[in-house]
K.L.:
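Got a structure for you, questions after.
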Amino acid sequence: MENVAIARVLAEIGDLLEIRGDNPFKIRAYRNASQVLLDHPERVSGLAAADLRALPGVGKDIAGRVTELIQTGVSTFHQELAAEFPAGLLDVLRLQGVGPKTAALLFRELQVGSIDDLTRALDSGAVRDVRGMGAGKEAQLRKAIDDHQTFAGRHLASEVWKQAHVLLAHLAEGFPDATFDLVGSLRRGAETCGDLDVLATNAPVDVMAHLVGFGRVERVLGQGATKSSVRLVRGLQADLRLVPAISRGAALQYFTGSKAHNIELRDRALRQGLTLNEYGLYRLDDHASVAGETEAGIYEALGLPWIPPELREGRGELEAARTGHLPTLVERSDLRGDLHCHTTATDGKDSIRAMALAARDAGLTYLAITDHSQALAMANGLDEHRALAHAAVVRGIDDELDGITLLTGIECDIRADGTMDLADDCLAQLDVVVASVHSQLAQDGDRMTDRVLRALECPWVDILGHPTGRMLLRREPSGLDIEAVVTAAARLGVAMEINGQPHRRDLHDVHARWARDRGVRIVLSSDAHGVGGFDHLHWATFTARRAGLRPADILTCQALPDLRASLRRHRGAPA
DNA sequence: GCCGTTTTCGGCCCGACTGTTTTCAGTCG
């Protein structure tokens, strides 16, 4: 059983307990444990009972439920809870403005068990007659159902980033002396965002009216003196918070999150006789302010170094900070080269020369040209003959360029049976080979794993490209057994890619951290298909930072001579 | 239900906005 499946059951237990009105701390315990399993890189079903218990937030009871799930595929506790309420009530719970009390009330008074039931109840006028409801609540529920149908789901971080900067420009135009900071999951470098969070300081209350007047606002969800929410075009919710300048550090900390990180940090504050909110850090006894103007000051007052936002996910970063084990994370400026891009020879939009100059402008000192191989006929993939001719052209252009070195290469398809799409003697004549799966992604897990393991055995494969094949918000990862692949890659000296295309971000941060810990060397790649594509390295860097990677963990942070020597073809398998 | 540099029992993060309730509960982030 996969971790995500176990985590889903635990989370649902939390939801059902909440509708039942159970102990809120018990509900939190199930949700905590769910998140812990989701973040855990190893398959929990393979853990010994003692190791399961050792996971933070997993105690005797939850460990028992997880063990039952692994052994029988179901949890009797979960089934008993689920039998108390219709399954569709959980959809009602997830509507904006509907919490456990409202869901339980609607079920109890009106037998609402699904969103369809709720729609009927609204149409019949029954909802407004329930005590505690009214015409306002009725309208709110109608809007929530409307939004649920139109705007279900999350948004790709790169899309949110674009909208964020248009919004920031609008805000700054109205209030040039104010400071606006992007916070929330976007600042933490997340892959997708549920909403867009902006913090304002040194601004008057009028900034809220200015937000509401923004041309891209479709609907105002709430407007107050310090907090407003709007729905922008494409369904993205934006929240603006206003605090005094003296509280900017505390507010940055607070609104950057994550929730799990903040809860842990507040807990730490309480144990030190302090209380932390978005305005500052205060002593519990006399409410004297201890810190608040800067974010680093908050952490410092709690006896910790400043923690980079990308690490604030409640995955042990506070303990690492306390004991002086925070890594010095890689930065975009540490990247010296890129080993994955495409040109007009296949499905890229720009020439070899244009790509080289763009890479140089992006601060890189080397670039591998890795067009597709013949299996990708749609992309005009290269056969052996064309691949070698293309390499000769790349070498010729390299001779004419200053300030950047071009490497020859290929992104070679891994065929469905695990053989490489180009002959060994062709691959051997190139500087670098990225091996990737592009077809038959729906293969079952065992076949996909065997396929990739076989490809890694090819001695000319230097890098495994976008290992799981996932497309965020579009396509699930393949059934690949990532543990088996990581183990093989470490043994064989094959590097694994963090592909920076905003839809891929593949490897995922949890897997990247795990691969690094097992001795796999990581490569950050743009997979650029045009001169603008080198921006993707920012997203690859975000993922690497979330994984806790340092420059020393990443091959493409090395200068070219060292990089060459580190590639598998020159280094072979580690001893 | 989990957990312990005060604790194996008694805690468990904190504040803003909305709608309806005339003093606050529910929801959200």
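A note on names: the letters A, B, ... follow the listed sequences, proteins ahead of strands, and every chain is numbered from 1. Because the structure is predicted, anything quoted here is derived from the model rather than measured.
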K.L.:
Going by the salt bridge (charged side-chain N to carboxylate O under 4.0 Å, His left out) test, which pairs reach into residues 272-281 of chain A, not counting sequence neighbours?
P.N.:
A:R241-A:E278
K.L.:
A:Y279 has an atom OH; how far is it from atom C1' of B:dC14, in whole Å?
P.N.:
11 Å
K.L.:
Return the 5'-most residue of the pair A:G224, A:L55 with respect to DNA chain B, ranking by each residue's nearest nucleotide.
P.N.:
A:L55
K.L.:
Considering every strand shown, what is the Watson-Crick or G-U wobble mate of B:dT8 when both distances are under 3.5 Å?
P.N.:
none
K.L.:
Just to verify, which of A:L236, A:L186, A:T192, A:L473 counts as forming a side chain to side chain contact (heavy atoms under 4.5 Å, CB included) with A:H155?
P.N.:
A:L236
K.L.:
Within less than 4.0 Å of OP1 or OP2 of B:dC17, is there a side-chain N or O belonging to A:T226?
P.N.:
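Checking B:dC17 against A:T226, a side-chain N or O does come within under 4.0 Å of OP1 or OP2.
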K.L.:
So does A:R65 get a side-chain nitrogen or oxygen closer than 4.0 Å to the phosphate oxygens (OP1/OP2) of B:dG1?
P.N.:
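It does, given that an N or O in the side chain of A:R65 lies less than 4.0 Å from OP1 or OP2 of B:dG1.
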K.L.:
Could you run down nucleotides 23-29 of chain B 5' to 3' and tag each one B, S or - for protein heavy-atom contact under 4.0 Å?
P.N.:
---SSSB
K.L.:
Looking only at atom P, what distance separates B:dT6 and B:dC2, rounded to whole Å?
P.N.:
24 Å
K.L.:
In whole Å, what is the span from the CD atom of A:Q223 to the P atom of B:dT18?
P.N.:
8 Å
K.L.:
NA contact type, A:N277, heavy-atom cut-off 4.0 Å: base, sugar-phosphate, or nothing?
P.N.:
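The residue A:N277 makes sugar-phosphate contact but no base contact.
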K.L.:
Report the residues that fulfil salt bridge (Lys or Arg N to Asp or Glu O under 4.0 Å) with A:E313, sequence neighbours left out, ordered by chain and then residue number.
P.N.:
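With neighbours one apart ignored, the set is A:R188, A:R546.
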K.L.:
Say you pick atom C1' in B:dG1 and the same atom in B:dT8; how far apart are they, in whole Å?
P.N.:
14 Å
K.L.:
Who pairs with A:D239 by salt bridge (Lys or Arg N to Asp or Glu O under 4.0 Å), at least two apart in sequence or on another chain?
P.N.:
none
K.L.:
Can you pull out the residues from residues 24-33 of chain A that lie within a 4.0 Å heavy-atom distance of DNA chain B?
P.N.:
A:F25, A:K26, A:R28, A:A29, A:Y30
K.L.:
What does nucleotides 4-11 of chain B look like as a protein-contact string, B for base, S for sugar-phosphate only, - for none, at under 4.0 angstrom between heavy atoms?
P.N.:
-BB-----
K.L.:
Would you check if A:I263 and A:D267 make a side-chain contact, meaning some heavy-atom pair closer than 4.5 Å?
P.N.:
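Sidechains of A:D267 and A:I263: no contact.
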K.L.:
Applying a 4.0 Å non-hydrogen cut-off, can you work out what A:L265 is touching in the nucleic acid: base, sugar-phosphate, or nothing?
P.N.:
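It contacts nothing in the nucleic acid.
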K.L.:
Measure from CG on A:L10 to C1' on B:dC2 and round the result to the nearest Å.
P.N.:
14 Å
K.L.:
Does A:H165 have any ring pair (Phe, Tyr, Trp, His ring centres under 6.0 Å) partners at least two apart in sequence or in another chain, and if so, which?
P.N.:
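A:H165: ring pair (Phe, Tyr, Trp, His ring centres under 6.0 Å) contacts with A:W161.
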K.L.:
Under 4.0 angstrom, heavy atoms only, what part of the nucleic acid is A:G257 near: base, sugar-phosphate, or nothing?
P.N.:
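No contact.
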K.L.:
Write down the distance between CG (A:L274) and P (B:dC14), rounded to a whole number of angstrom.
P.N.:
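Atom CG in A:L274 sits about 11 Å away from atom P in B:dC14.
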K.L.:
Please enumerate all residues that pass salt bridge (Lys or Arg N to Asp or Glu O under 4.0 Å) together with A:R128, with sequence neighbours excluded.
P.N.:
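So A:R128 forms a salt bridge (Lys or Arg N to Asp or Glu O under 4.0 Å) with A:E138.
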K.L.:
More 5' along DNA chain B: A:M133 or A:N23, using each one's nearest nucleotide?
P.N.:
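That would be A:N23.
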K.L.:
With sugar-phosphate meaning primed atoms plus P, OP1 and OP2, does A:T275 contact a base, only sugar-phosphate, or nothing at under 4.0 Å between heavy atoms?
P.N.:
sugar-phosphate
K.L.:
Using atom C1' in both nucleotides, what's the gap between B:dG26 and B:dT20 to the nearest angstrom?
P.N.:
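My reading of the C1' atoms in B:dG26 and B:dT20 gives 11 Å.
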K.L.:
Which pairs pass side chain to side chain donor-acceptor pair (under 3.5 Å) with one or both residues in residues 94-103 of chain A, sequence neighbours excluded?
P.N.:
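Residue pairs with at least one partner in residues 94-103 of chain A: A:D15-A:R94.
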K.L.:
What's the gap between B:dC12 and B:dC17 when it is taken at their P atoms, as a whole Å value?
P.N.:
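Those two atoms are separated by 25 Å.
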K.L.:
Please collect all side chain to side chain donor-acceptor pair (under 3.5 Å) contacts where either partner lies in residues 48-58 of chain A, sequence neighbours excluded, each pair once.
P.N.:
none
K.L.:
Once you round it to whole Å, what is the distance between C1' of B:dA16 and CG of A:L240?
P.N.:
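To the nearest whole Å, that distance equals 13 Å.
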K.L.:
Under 4.0 Å, counting only non-hydrogen atoms across every strand here, what does A:A135 touch: a base, just sugar-phosphate, or nothing?
P.N.:
sugar-phosphate
K.L.:
Measuring only the P atom in each nucleotide, how far is B:dC28 from B:dT23? A whole number of Å is fine.
P.N.:
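About 25 Å, rounded to a whole number of Å.
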K.L.:
Rounded to the nearest 0.5 Å, how far does CG of A:L199 lie from CG of A:D197?
P.N.:
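It comes to 9.5 Å.
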K.L.:
Fit a plane to each ring of A:H508 and A:H511, take the angle between them on a 0 to 90° scale, and name the class: parallel (under 30°), tilted (30 to 60°) or perpendicular (over 60°).
P.N.:
perpendicular
K.L.:
Test of understanding: with side-chain contact (heavy atoms from CB on, under 4.5 Å), list the residues that count as partners of A:T226, not counting sequence neighbours.
P.N.:
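Once residues adjacent in sequence are excluded, A:T226 has no partner under the side-chain contact (heavy atoms from CB on, under 4.5 Å) criterion.
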K.L.:
Using whole Å, report how far CD of A:Q140 lies from P of B:dC17.
P.N.:
16 Å
K.L.:
What's the CZ-C1' distance between A:R268 and B:dC3, to the nearest Å?
P.N.:
16 Å
K.L.:
Output all residues satisfying ring pair (Phe, Tyr, Trp, His ring centres under 6.0 Å) with A:F85, sequence neighbours left out; order by chain, then residue number.
P.N.:
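For A:F85, the residues satisfying ring pair (Phe, Tyr, Trp, His ring centres under 6.0 Å) (neighbours in sequence not counted) are A:F107.
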K.L.:
Output the rounded distance in Å from CG (A:L211) to P (B:dC17).
P.N.:
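In whole Å, B:dC17 P lies 13 Å from A:L211 CG.
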K.L.:
Expressed as a whole number of Å, how far does the C1' atom of B:dG11 sit from that of B:dA16?
P.N.:
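It comes out at 26 Å once rounded to the nearest Å.
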